[in-house]
Amino acid sequence: MQKPSIPEGTRDFGPEQVRKRNFIFDTIRSVFEKFGFQPLETPAMENLGTLTGKYGDEGDKLLFKILNNGDYLKDANADALAARDSNKLVSSIAKRGLRYDLTVPFARYVVMNRGTLSFPFKRFQIQPVWRADRPQRGRYREFFQCDADVIGSDSLLYEAELAQIYDEAFARLGIPVVIKMNNRKVLFGIAEAAGIPDKFMDMTVAIDKLDKVGIEGVRKELSERDISETAMATIEKILAAPDTQALRAVFSNSATGLNGLDELDRVFGLLGKTTLQNEVKFDITLARGLSYYTGCIYEVAAKDFRMGSIGGGGRYADLTGVFGVPGLSGVGISFGADRIYDVMEGMGLFPETLVESVQIMLASFDEPSFEYAFQCATALRKAGVAVEIYPEPGKLKKQFEFAAKRNIPYVAIIGESEMQSDTLMVKNQKTGDQEAMSVEQIVSMLASV
RNA sequence: GAGGUUGUAGCUCAGUCGGUUAGAGCGUCGGAUUGUGGUUCCGAAGGUCGGGGGUUCGAGCCCCCUCAUCCUCCCCA
């Protein structure tokens with residue numbers, strides 16, 4: 001006999017957890033739909049070539065590869081096998097992988113269906129993704145993302161709308177958040193102003209850590225990445241700038257940087273004319289790792305709870321280009337449903353009404369009343385009531401304990417006198433009150449609750 | 001990929017210096033004159049001490065390996 005187990009970083013979800021998760025999905029979905037996004041689903045697995053090279057070197061390492069079927073060593077790259085070179089060997093023994101996010105499969109879908117789609121195309125997608133990360137707090141190997149993307153327009157309207165979606169969804173979930181925004185062009189502007197455009201990626205990785213390691217840590221990180229003292233001084237000056245206005249002077253020799261500032265000002269200009277329930281703020285240290293972002297970028301953090309980012313996204317000018325269709329600019333955001341769950345659970349934000357869907361349980365004493373209960377249950381279900389019958393007649397104590405454990409709000413007792421009067425003795429489990437009622441009375445009573 | 005934490009009953013955890021038959025609370029099941037639960041009382045079941053090896057007269061406790069877990073870094077949702 002073997003001990004049952006599930007893979008590292010995966011989880012089962014019990015009835016209560018599924019209800020709570022569905023609450024999150026339903027809330028986010030309804031906001032997406034209100035903003036005109038349409039549903040899409042793509043396969044759990046993609047061809048490996050679709051996934052590799054889209055998430056940077058780090059991302060490629062975290063892809064789950066699927067071993068080919070059959071005699072997969074028959075076609076293996078013999079040289080790589082002999083040299084024990086795993087990286088070289090992979091492509092010859094695994095041609096598929098589990099999706100790493102929802103954005104890249106979406107881009108693939110858009111390219112494959114470009115003839116039938118009308119642009120701008122707005123889609124949302126709520127599905128699991130897989131990453132071969134080391135599991136830890138707020139990090140799983142299988143987790144759900146809830147994405148909304150619009151592709152085929154470079155209008156900054158969408159940047160503003162996506163910020164509104166974040167704002168409304170988190171407000172409805174009850175999580176106070178800070179929505180941080182930046183622009184990759186601004187980050188590039190910093191690199192240009194500092195005279196190190198070739199070290200753009202190294203620089204962003206370093207300044208991304210500012211709030212975590214402080215300015216000293218960033219300095220150390222920058223010097224480790226061979227960035228000169230003079231460049232560092234410029235970077236520090238820029239990081240200390242209070243707003244986009246102050247940055248304009250520094251970016252005088254960087255057209256890209258100024259363009260990034262223009263974009264941010266436009267988006268904040270649009271948002272400024274609306275009322276938001278959460279803070280949306282410019283954060284120049286926000287970098288984001290996914291290599292395909294080119295314009296505005298977002299990240300969402302819970303305000304009063306320690307957790308990594310619970311949402312992120314941004315504009316990618318040309319993600320479809322690698323699939324042979326250039327010129328389709330896209331922008332999108334993602335909600336990290338599993339982290340949102342952890343935050344809501346930790347802060348006690350789930351509504352109490354989610355615990356049980358059964359409204360009434362029927363209890364009986366003997367075979368005749370049991371059969372009568374079965375008829376009553378059928379009638380109640382026809383009227384739309386969620387009913388459970390205790391599976392065997394007998395001791396009421398056990399039946400009541402079962403109902404209490406399941407949080408079923410009403411228990412109806414059926415005995416000889418009830419059968420004669422064509423009623424059920426309905427007990428309110430919360431108040432303890434009970435009353436003889438007909439099936440019709442029960443239906444209308446439950447409908448009014 | 002690097003570093004660390006913790007593995008004892010279904011759950012949360014005690015377990016002294018290495019010493020007889022491994023404990024508690026909660027939960028589960030049964031009962032307290034058979035038409036009423038979440039309170040109380042009584043009783044019972046439930047353990048290969050994660051697994052393997054070693055040291056020792058003797059190991060839950062010490063050593064090695066291994067698996068799992070959680071956390072930190074990296075990176076990310």
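Numbered from 1 within each chain, the chains take letters A, B, ... in sequence-line order.
- Between Arg225(A) and Glu221(A) there is a salt bridge, with a side-chain nitrogen of the basic residue lying less than 4.0 Å from a carboxylate oxygen of the acidic one.
- If you measure from atom OH of Tyr166(A) to atom P of A77(B), you get 9 Å, rounded to the nearest angstrom.
- Distances shown here put a side-chain N or O of Lys405(A) below 4.0 Å from the OP1 or OP2 atom of U28(B).
- The side chain of Lys427(A) lies closest to U36(B), out of U72(B), U36(B), G35(B).
- Distance CG (Asp202(A)) to P (C74(B)): 15 Å, rounded to an integer number of Å.
- Whole-Å rounding puts the Leu362(A) CG to G35(B) C1' distance at 16 Å.
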| query | Taking it one step at a time, do Thr42(A) and Gln125(A) satisfy side chain to side chain donor-acceptor pair (under 3.5 Å)? | reply | CA-CA 8 Å; Thr42(A) 63; Gln125(A) 192 168 349; 2.9 Å; yes

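- A close approach under 4.0 Å does not occur between any side-chain nitrogen or oxygen of Lys398(A) and OP1 or OP2 of U36(B).
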| query | How would RNA chain B look in dot-bracket form, 5' to 3', counting Watson-Crick and G-U wobble pairs with both distances under 3.5 Å and writing | for bases paired to another strand? | reply | ((((.((..((((.....[...)))).(((((.......))))).....(((((..]....))))))).))))....

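- Across the P atoms, C42(B) and C26(B) are found 11 Å apart, a figure rounded to whole Å.
- On the C1' atoms, G52(B) is 24 Å away from G15(B), given to the nearest whole Å.
- Within 4.0 Å of Glu8(A), counting heavy atoms only, lie sugar-phosphate atoms of the nucleic acid but no base atom.
- At a threshold of 4.0 angstrom between heavy atoms, the contacts of Gly138(A) include nucleobase atoms, whether or not backbone atoms are also involved.
- Looking at the side chain of Phe400(A), the nearest of the listed nucleotides A77(B), G37(B), C74(B) is G37(B).
- Rounded to an integer number of Å, the gap from Gln429(A) CD to U39(B) P is 13 Å.
- In this structure, Glu159(A) pairs ionically with Arg315(A), as a charged nitrogen and a carboxylate oxygen lie closer than 4.0 Å.
- Whole-Å rounding puts the Glu418(A) CD to U36(B) C1' distance at 12 Å.
- Atom name C1', nucleotides G54(B) and C13(B): the rounded distance is 29 Å, in whole Å.
- Salt-bridge annotation for Glu401(A) and Lys397(A): present, with a side-chain N of the basic residue lying under 4.0 Å from a carboxylate O of the acidic one.
- The residues Lys427(A) and Glu435(A) are annotated as not salt-bridged, no charged nitrogen and carboxylate oxygen being separated by less than 4.0 angstrom.
- If you take atom C1' in G58(B) and the same atom in G19(B), they sit 7 Å apart, rounded to whole Å.
- Relative to the side chain of Arg139(A), the nucleotides G35(B), C75(B), C73(B) differ in distance, and C75(B) lies closest.
- When only modelled atom types and interatomic distance are considered, Asp366(A) and Ser369(A) share a side-chain donor-acceptor pair under 3.5 Å.
- For Ser334(A) and Arg306(A), each mapped to the nucleotide of RNA chain B holding its nearest heavy atom, the one lying further toward the 5' end belongs to Arg306(A).
- Closest-nucleotide positions on RNA chain B for Asn428(A) and Gly59(A) were compared, and the one nearer the 5' end corresponds to Asn428(A).
- With a 6.0 Å cutoff to the six-membered ring centre and a 45° limit on the axis angle, Arg131(A) does not count as a cation-pi contact of Phe143(A).
- Taking atom P in both G23(B) and U55(B), the straight-line distance is 29 Å, to the nearest Å.
- A straight line from CZ of Arg134(A) to P of C71(B) spans 12 Å, rounded to a whole angstrom.
- The distance between atom CG of Asp208(A) and atom P of C73(B), rounded to the nearest whole Å, is 13 Å.
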| Under the side-chain contact (heavy atoms from CB on, under 4.5 Å) criterion, do Asp318(A) and Ser329(A) qualify, and how do the steps go? | CA-CA 5 Å; Asp318(A) 192 25; Ser329(A) 184; over 6 Å; no

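- In this structure, Tyr140(A) reaches the bases: a heavy-atom distance under 4.0 Å links it to at least one base atom across the strands shown.
- Across all strands, Arg137(A) comes closer than 4.0 Å only to sugar-phosphate atoms, never to a base (heavy-atom distances).
- Counting atom types as modelled, Gln399(A) pairs no side-chain N or O with a base atom of U36(B) as donor and acceptor under 3.5 Å.
- Annotation: U5(B) and A45(B) have their P atoms spaced 39 Å apart (nearest Å).
- By the 4.0 Å N-to-carboxylate-O rule, Arg137(A) lies too far from Asp342(A) to be salt-bridged with it.
- For the atom pair CG of Leu98(A) and CH2 of Trp130(A), the computed distance is 5.5 Å after rounding to the nearest 0.5 Å.
- If you check every strand for non-hydrogen atoms under 4.0 Å, Ile413(A) touches a base.
- Taking atom C1' on both G4(B) and U48(B), the two are 29 Å apart, rounded to the nearest angstrom.
- Between the P atom of C75(B) and the CZ atom of Arg141(A) lies a distance of 18 Å, rounded to the nearest Å.
- Separation of the C1' atoms belonging to C73(B) and G7(B) is 24 Å when rounded to the nearest angstrom.
- Gln136(A) comes within contact range of at least one nucleobase, with a heavy-atom separation under 4.0 Å.
- Among the heavy atoms of the strands, none lies under 4.0 Å from Val411(A).
- For Lys209(A), a side-chain nitrogen or oxygen approaches OP1 or OP2 of C75(B) to under 4.0 Å.
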